[in-house]
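To start, the structure itself, in structure tokens.
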Amino acid sequence: DPGAADHDEL
Amino acid sequence: MNIFRLTGDLSHLAAIIILLLKIWKTRSCAGISGKSQLLFALVFTTRYLDLFTSFISLYNTSMKLIYVACSYATVYLIYMKFKATYDGNHDTFRVEFLVVPVGGLSFLVNHDFSPLEILWTFSIYLESVAILPQLFMISKTGEAETITTHYLFFLGLYRALYLINWIWRYYFEGFFDLIAVVAGVVQTILYCDFFYLYVTKVLKGKKLSLPA
């Protein structure tokens with residue numbers, strides 16, 4: 001999903 | 001993971017630890033906005049709910065747990081253990097003016113209309129303005145303890161380093177998250193005035209005090 005947030009970042 | 005992201009995270013951690021140690025060692029939370037700390041606890045709580053749904057790395061999980069635990073410990077020290085030293089008379093920023101608009105915006109502008117994603121978006125927006133009660137408090141009293149300014153410096157530096165991280169990721173990974181970037185720019189801009197005072201006063205050995 002290109003729009004989803006990156007939850008790797010804090 | 002690039003060097004800017006890593007130093008950003010470490011800068012964030014340094015800020016959190018500096019604040020905890022300052023309160024613990026002096027047995028006082030004078031000059032610290034409990035409202036900002038409550039907002040940061042809310043930021044971490046709503047952002048890291050994905051701890052329950054997905055595992056990314058040991059680093060990711062540990063840092064999230066440390067941030068959450070430290071932010072709750074800070075709130076506990078301010079509102080419970082050292083409540084007598086809490087300067088509530090100067091901590092008068094109306095947080096509902098932040099939480100309500102930010103809550104509305106996270107429903108309107110998000111990556112995906114799902115509960116976890118909306119809460120993540122809420123936390124990103126809220127973090128960008130959560131320091132305002134603290135800055136408002138400093139502007140009201142006209143001064144800040146030097147250790148408090150170190151805390152603010154590392155807290156501001158963290159998001160500035162994330163901005164460089166996002167530029168890096170855009171060029172080398174094709175990654176771009178508009179929500180995080182816009183909120184991160186707003187967050188960093190809010191610190192600019194403080195950065196100026198920090199460099200021109202605190203780093204030259206003077207106390208941070210504002211003209212009356």
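These figures come from a predicted structure and were not determined experimentally. Chain naming here is simple, since letters A, B, ... match the order of the sequence lines and numbering starts at 1 in each.
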Ignoring hydrogens, what is the shortest heavy-atom contact between E9(A) and N165(B)? Give both atom names and the distance. OE2-ND2, 3.0 Å
Check this for me: Y196(B), atom OH, are more than 12 non-hydrogen atoms of other residues, nucleotides or ligands nearer than 6.0 Å? no
K140(B), NZ atom: more than 12 neighbouring heavy atoms under 6.0 Å: yes
May I ask you to list the residues in residues 63-76 of chain B that approach chain A closer than 4.5 angstrom, counting heavy atoms only, ordered by number? M63(B), K64(B), Y67(B)
Review item, side-chain donor-acceptor pairs of residues 94-101 of chain B, under 3.5 Å, at least two apart:
| residue | atom | partner | partner atom | Å |
| --- | --- | --- | --- | --- |
| R94(B) | NE | E96(B) | OE2 | 2.7 |
| R94(B) | NH2 | E96(B) | OE2 | 3.0 |

Tell me, side chain or backbone of D50(B) under 4.5 Å from chain A's heavy atoms, or both, or neither? side chain
Do any of residues 3-40 of chain B come closer than 4.5 Å to chain A, heavy atom to heavy atom, and if so which ones, in number order? R5(B), D9(B)
Check the pair L10(A) / Y59(B) against side-chain contact (heavy atoms from CB on, under 4.5 Å), numbers first and verdict last. CA-CA 10 Å; L10(A) 301 166; Y59(B) 172 84; 4.3 Å; yes
Run the side chain to side chain donor-acceptor pair (under 3.5 Å) test against D193(B) and tell me which residues pass, sequence neighbours left out. none
Just checking Y170(B): does its OH atom have more than 12 heavy atoms from other residues, nucleotides or ligands closer to it than 6.0 angstrom? no
